[in-house]
J.: 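My structure is below; once you've seen it, I'll send some questions.
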Amino acid sequence: MHIVIGLGNPGSAHERDRHNIGFQVLDTLAVREGLSWEHKKIFHADSTQFGELMLVKPDTFVNESGITAAALAKQYPDASVTVVYDEINISVGQIKCSIGRGDGGHNGLTSIIAHLGHRDFFRIRVGIRPVHDELLPKIAPPHGFETFVLAPFAPQEEALKEQGIARAIEAIESLEKHSLSELMNTYNS
């Protein structure tokens, strides 16, 4: 089994936030495939099955995503784990894949690494960094990217956001067919 955890904050107030791109990816895939989410209290998450993949959206805030990851690892100790999340250092519309890295300053990953006790899981990092010049000052001090990630994408970014979501879904679908190194070669070039 392969578990795919999308990161985001629960509640309709956060649905469109950049920080919720992990949820947006999984929701888009679920809608496209006609999948239904079921709340699993034991995992502190909503989940659905997509072939051999279990898609999971924690019901905790991003900074506590490790609670869900640990509960899943306890129940499925032999499962592979992939985490889909927002990356401020990658442009909107792009994705990168990696394995075994640090948290890169992402509090959701900090929580997952702490709760799992290791960092040897696959990551699909979905870009949220603006490419439009007028948006770049929003990630600078005094508020910096902390405020920026909790805001929705700008209207002029919608097409690029959808492109990033589509690429992330393509990578998720490839998890069953390709090795992780092949995925990194494909999406990191």
Side-chain angles (χ1 to χ4, degrees), residues 1-11 14-29 40 43-47 53-130 139 143-151 153 161 164-165 167-172 174-175 180-181 183-184 186-188:
M1 176 188 285
H2 200 113
I3 298 167
V4 181
I5 304 172
L7 299 190
N9 287 319
H14 300 289
E15 277 178 1
R16 299 181 61 234
D17 290 358
R18 291 171 190 271
H19 214 26
N20 277 42
I21 197 76
F23 279 11
Q24 293 171 32
V25 167
L26 297 188
D27 283 336
T28 301
L29 176 57
K40 302 281 188 173
F43 300 135
H44 303 278
D46 292 336
S47 70
L53 305 175
M54 176 189 280
L55 308 180
V56 178
K57 299 187 309 180
D59 65 11
T60 61
F61 282 87
V62 170
N63 296 357
E64 298 172 342
S65 299
I67 295 169
T68 295
L72 288 161
K74 182 177 179 183
Q75 185 73 27
Y76 303 105
D78 297 327
S80 300
V81 174
T82 293
V83 179
V84 183
Y85 64 96
D86 58 297
E87 174 61 67
I88 191 70
N89 295 314
I90 299 172
S91 297
V92 174
Q94 301 299 310
I95 71 166
K96 300 268 185 193
C97 297
S98 59
I99 190 167
R101 298 171 47 137
D103 62 26
H106 194 289
N107 291 332
L109 289 184
T110 303
S111 176
I112 292 172
I113 291 167
H115 280 82
L116 291 180
H118 67 83
R119 52 181 159 182
D120 299 326
F121 51 89
F122 194 63
R123 298 108 188 271
I124 299 174
R125 303 174 306 159
V126 184
I128 63 166
R129 183 178 191 83
I139 62 174
H143 302 294
F145 69 88
E146 293 90 355
T147 302
F148 184 74
V149 300
L150 296 174
F153 289 88
K161 177 189 86 168
I165 288 172
R167 288 182 59 81
I169 289 172
E170 186 180 283
I172 291 168
S174 298
L175 287 168
L180 300 181
S181 60
L183 289 175
M184 287 188 285
T186 299
Y187 294 101
N188 296 350

J.: I want to check a possible cation-pi pair here: R18 against F153, using under 6.0 Å from ring centre and within 45° of the ring axis as the test.
T.: yes
J.: Only distances under 3.5 Å count here; give the side-chain donor-acceptor pairs of residues 90-99 to other protein atoms, sequence neighbours excluded, each with its distance to 0.1 Å.
T.:
none

J.: Would the distance check show the side chain of S111 and the main-chain N or O of G108 forming a donor-acceptor pair, the cut-off being under 3.5 Å?
T.: no
J.: Got V4 and V25 here, is their nearest side-chain heavy-atom distance under 4.5 Å?
T.: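 A side-chain contact under 4.5 Å is absent here.
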J.: Donor-acceptor pair, distance only, cut-off 3.5 Å: does the side chain of D86 make one with the backbone of I21?
T.: no
J.: Taking the side chain as everything from C-beta on, heavy atoms only, tell me whether R101 gets closer than 4.5 Å to R125.
T.: yes
J.: Without swapping roles, check the side chain of T68 against the backbone of H44 for a donor-acceptor pair under 3.5 Å.
T.: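 Yes, the answer is positive, given that a donor and an acceptor are paired below the 3.5 Å cut-off.
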J.: With side chains defined as the heavy atoms from C-beta onward, is the minimum distance between L72 and V81 less than 4.5 Å?
T.: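 They are not in contact (no side-chain heavy atoms under 4.5 Å apart), so the answer is no.
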J.: Check the orientation of H106 and H19. Use parallel for under 30°, tilted for 30 to 60°, and perpendicular for over 60°.
T.: tilted
J.: Looking at R123 and L109, would you say the former's side chain and the latter's main chain have a donor-acceptor pair under 3.5 Å?
T.: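 No; judged by distance alone, with no hydrogens or angles, the pair does not exist.
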J.: Test your reading of the model: is there a side-chain donor-acceptor pair from D120 to the backbone of G100, 3.5 Å cut-off?
T.: no
J.: Please state whether the rings of Y76 and F43 are parallel, tilted or perpendicular, taking 30° and 60° as the class boundaries.
T.: tilted
